[in-house]
Amino acid sequence: MRYDLVIFDNDGVLVDSEPISNTILAAYLTELGHPTSYEESIRDYMGSAMHRIHELVQERSGRRLPEDFDDVFHGRVFAAFERELQPVPGAVQLLEKLAADAVPYCVASSGSHERIRVGHRKTGLDRWFDEGRVFSSQDVGRGKPAPDLFLYAAERMGVAPQRCVVVEDSPLGVRAANAAGMDVYGFTAMTPAAKLTGATQLFSELGELADLLV
């Protein structure tokens, strides 16, 4: 292994949640008087912690989102997850291989712990992620693109940042990994390669990743 720890983003990398959550986010923001298309939601909010959504909306409109925004949004997202969420193609096979080869890995997501757990339970990925392997932006003061979450995950896993590789599909995540001093492999299944500038390497299918890591 070229690395001592593989740090996965969750949404869009392990669980195919980005189309679901961004469809709901765009509709909810529009409903609240902040017209947003699906494409704009992907562009502006994909990979963001919730606080960044609040900050951008207030910056652009001068208005705060409702106090119950997070609860309503997550309620709608979790209900949709229960109906339709699937693992990203190749995620199960990749995790099986990493576990079989005793490669250390974890997940570090902008999503809440509840969102991560709901998604993992629905897709069956929870079997590979005990509590010690799950890290959320809730655990640190700042979400991506700040490096805090990735540095926190590395510290908790006992690995130096320069010995970690991050697997990301968002520009914010790539920037966070760069700021943490970690290599980052950019997943282009949903995000155009041109938007993942700064990635150490790009790949388009999870099935490619195991061979890239050795």
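Basis for what follows: all heavy atoms, side chains included, without hydrogens, waters or symmetry-related copies.
For the side-chain contact (heavy atoms from CB on, under 4.5 Å) criterion with W128, the lone passing option out of L94, V92, L98 is V92.
Note on ring orientation: taking the six-membered ring where Trp is involved, the planes of H54 and F69 are perpendicular (angle over 60°, cut-offs 30° and 60°). Ring orientation note: the planes of F8 and Y105 are nearly perpendicular, at an angle over 60° on the 30°/60° scale.
How far CE of M157 is from CZ of R133: 5.5 Å, rounded to the nearest 0.5 Å. One finds the CD atom of E82 at 7.5 Å from the CZ atom of R121 (value rounded to the nearest 0.5 Å).
Put simply, the side chain of E18 never gets that close to the backbone of I42: no donor and acceptor are under 3.5 Å apart. No side-chain donor-acceptor contact under 3.5 Å links D211 to the backbone of E208. T191 places no side-chain N or O within 3.5 Å of a backbone atom of S170 that could act as its donor or acceptor partner. Between the D130 side chain and the G132 main chain, a donor and an acceptor come within less than 3.5 Å of each other. When atom types are taken as modelled, the side chain of S109 and the backbone of D9 share no donor-acceptor pair closer than 3.5 angstrom. Formation of a donor-acceptor pair under 3.5 Å by the R115 side chain with backbone atoms of V77 is not found in this model.
Ion pair R117/E131 flagged as a salt bridge, since at least one NZ, NE, NH1 or NH2 atom sits closer than 4.0 Å to an Asp/Glu carboxylate oxygen. Salt bridge annotation for E40-R60: absent, with no cationic side-chain nitrogen under 4.0 angstrom from a carboxylate oxygen.
The shortest non-hydrogen separation linking G119 to V15 is O-CG1, 4.1 Å. Pairing each heavy atom of R175 with each of P145, the nearest pair is NH2-CG, 3.5 Å. Taking each heavy atom of D169 and G12 in turn, the nearest pair found is OD2-CA, 3.4 Å.
Considering only heavy atoms from C-beta on, F187 comes within 4.5 Å of L206 through its side chain.
Judged by the 6.0 Å distance and 45° axis criteria, R156 is not positioned over the aromatic ring of F135. A cation-pi arrangement is absent between R52 and Y45 under the rule of less than 6.0 angstrom and at most 45 degrees off the ring axis.
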- Start with the C-alpha gap between R83 and I20, add the side-chain angles, then the distance that decides, and say whether side chain to side chain contact (heavy atoms under 4.5 Å, CB included) holds. CA-CA 10 Å; R83 293 192 303 270; I20 298 171; over 6 Å; no

- Check the pair V118, E114 against side chain to side chain contact (heavy atoms under 4.5 Å, CB included), reporting the backbone distance first and the verdict last. CA-CA 6 Å; V118 168; E114 184 182 12; 4.2 Å; yes

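Two different hydrophobic clusters hold L202 and V88 under the rule that ILVMFWY side chains link at heavy-atom gaps under 4.5 Å. In the hydrophobic cluster analysis, where Ile, Leu, Val, Met, Phe, Trp and Tyr join through side-chain heavy atoms closer than 4.5 angstrom, V6 is grouped together with L95.
Using modelled atom types and a 3.5 Å distance limit, the side chains of S17 and D11 yield a donor-acceptor pair.
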